[in-house]
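This report refers to the structure that appears directly beneath it.
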Amino acid sequence: MKLFDVYPLFQVEPVKAQGAYLYDKEGTEYLDFYGGHAVMSVGHSHPYYVEKITNQLNNIGFYSNSVINNLQVEFAEKLGKISGYDNYSLFFCNSGAEAVENAVKIARHYTKRPAIVVFEHSYHGRTNLTMALTAKNMPYKEGFGPFAPEVYRVPMPYSFHWVGDQATISQDAIEMVTHKIEKEIGAHNVAAILIEPIQGEGGFIVPPKGFLPALAKYSKDNGIVFIADEVQTGFARTGHMFAVEEEGVVPDMVVTAKGIAGGLPLAAVTGRAEVMDSVHASGLGGTYGGNPIACAAALGAMETMEEENLVARARHIGEILGSSLRELAKKYPVIGEVRGRGAMQAIELVEPGTKNPNTAAMSAVVKYCQSQGVLVLTAGTYSNVVRFLPPLVITDELLKDALSVLDDAFASL
Ligand code: PMP
């Protein structure tokens, strides 16, 4: 028997978890410094979250999508409001990739146009369409083609590797993107521009200020649906409920998953009613989307975020994490850049004195941290980024412990 190892990074087999900790069967404690892959924002087994799910299971665990269950309505009301819409509609499904696919379906249906514009370094999932939308070949796409048509990739302003100040980079990128759209696709053929407000798997690439608002405006001016993939950035992670809030952008559709339900499979497409409601009845669907247990979990996660003010907490984590990482960068020239927002921070590792990727250093740091009981994730088009996504309930003390392990990891290189 062989099971596919989706992300073969750790040699840890957790059997129990609490808050920011994981435990294996020997009782060894590990600090989850990657939040179960950006999912565990409210931490592991939060008592309120557990209670919400168990109560629901004791009432009704599953029925079918032939009726809209009342938990879907309750959660949808909350989600629509925090997404910044006055008049909105929602579709629930089970995973980030599925939600991205549905957002694309809706945009095409609404605009009656075929083309989807995506960015260098993007990650949107592993189904056939979302592989086409994802940038990196290995390991996500190699040998799995042919890919879905009418997907066009445009430049992503990656400040660390581009030249100029933030304003120049933003302006240059907008010019390149719009030039490509107009000369190679035709704006009137574009159904949607799809972007992660901070790119996740690509290496926590934060677009320069002004880029997202300019894209949103260009979309609006050209009848293009602007979609934010907030699967990794959403739900308090960046110190806002959604990362697009940083610059006051309200996309036509927001795609969410991961942190939405603290580990149960739920994903959502939330969008302007005019766009979403263009789809005919039963045009979108699935057996499990928005099932009562997943919705109870989402309500449990969301109410915990509100109750414990995890948006503010993510900002506070960002201050500690960001400033400590910048201190480390002064000490260790292998750290080329520190970037991110809130509790979504990363370091890009380079050959000292250059911007050339240092994959060996990345692997060594992850391995050292694991040996000291701290689990961190890798990322990046060039496989040279270490990313930090701690549960938002982590204490300052634990954060500092993890950072001192990281310091030792660099000292050991
Ligand atoms: N979009 C983004 C931005 C993601 O980070 C991910 C998952 N890493 C996905 C989509 C796909 O989500 P899922 O794995 O739930 O299909």
Side-chain angles (χ1 to χ4, degrees), residues 4-9 34-41 91-105 107 116-136 139-141 144 147-148 151 153 156 192-207 212 226-238 240 242-244 251 253-270 286 288-291 294 297-298 301 340-346 376-381 383 385 387-389:
F4 282 95
D5 200 347
V6 176
Y7 209 96
L9 195 63
Y34 72 113
H37 226 121
V39 172
M40 306 311 295
S41 298
F91 173 69
F92 287 124
C93 50
N94 310 287
S95 70
E98 204 188 337
V100 171
E101 289 234 6
N102 278 284
V104 168
K105 278 171 70 173
I116 307 297
V117 170
V118 289
F119 291 81
E120 292 168 346
H121 313 290
S122 65
Y123 182 91
H124 298 291
R126 308 212 198 194
T127 58
N128 185 265
L129 175 59
T130 56
M131 275 192 296
L133 302 170
T134 291
K136 194 174 178 180
Y140 308 127
K141 300 163 79 165
F144 297 130
F147 303 110
V151 173
R153 193 165 309 284
M156 175 73 191
I193 294 179
L194 166 67
I195 190 163
E196 299 157 78
I198 296 175
Q199 291 183 319
E201 306 302 310
F204 287 15
I205 302 166
V206 185
L212 292 179
F226 186 58
I227 309 174
D229 179 345
E230 293 255 11
V231 168
Q232 193 153 161
T233 48
F235 293 98
R237 175 57 53 192
T238 65
H240 294 288
F242 297 105
V244 284
M253 279 189 266
V254 181
V255 176
T256 47
K258 288 194 189 281
I260 191 173
L264 262 78
L266 184 72
V269 183
T270 312
Y288 299 112
N291 69 75
R341 192 181 298 148
M344 180 173 183
Q345 300 278 339
V376 295
L377 269 192
T378 58
T381 297
S383 304
V385 173
R387 56 178 153 160
F388 311 102
L389 294 153

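In this chain, residues are counted from 1 in sequence order. Start at 1 and go down the list; that is how both ligands and their atoms are numbered. The model shown is predicted, which means the values in this text are computed figures rather than measured ones.
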Looking only at N/O atoms, are G96 and ligand 1 under 3.5 Å apart anywhere?
-> yes

Does the side chain of M156 reach to within under 4.5 Å of the side chain of Q199, using non-hydrogen atoms?
-> yes

Less than 3.5 Å between some nitrogen or oxygen of A97 and one of ligand 1, yes or no?
-> yes

Do you know which of R387, R126, K136 makes salt bridge (charged side-chain N to carboxylate O under 4.0 Å, His left out) with E201?
-> R387

Sorted by chain and residue number, the ring pair (Phe, Tyr, Trp, His ring centres under 6.0 Å) partners of Y140 (sequence neighbours excluded) come out as Y123

Is the shortest heavy-atom distance from the side chain of T127 to the side chain of E98 under 4.5 Å?
-> no

Between E196, E101, H37, K258, flag the one that comes closest to atom 8 (N) of ligand 1 by a heavy atom.
-> K258

Per-atom contacts of ligand 1 with S95, taking only distances under 4.0 Å to non-hydrogen atoms | 15 (O), 16 (O)

Determine, stepwise, if the pair K258 / E230 fulfils salt bridge (charged side-chain N to carboxylate O under 4.0 Å, His left out).
-> CA-CA 9 Å; K258 288 194 189 281; E230 293 255 11; over 6 Å; no

Sub-4.0 Å protein heavy atom next to atom 14 (O) of ligand 1 = no

Is the closest N or O pair between Q232 and ligand 1 shorter than 3.5 Å?
-> yes

Any nitrogen or oxygen of D229, main chain or side chain, under 3.5 Å from a nitrogen or oxygen of ligand 1?
-> yes

Any side-chain donor paired with an acceptor under 3.5 Å for R341 and T233?
-> no

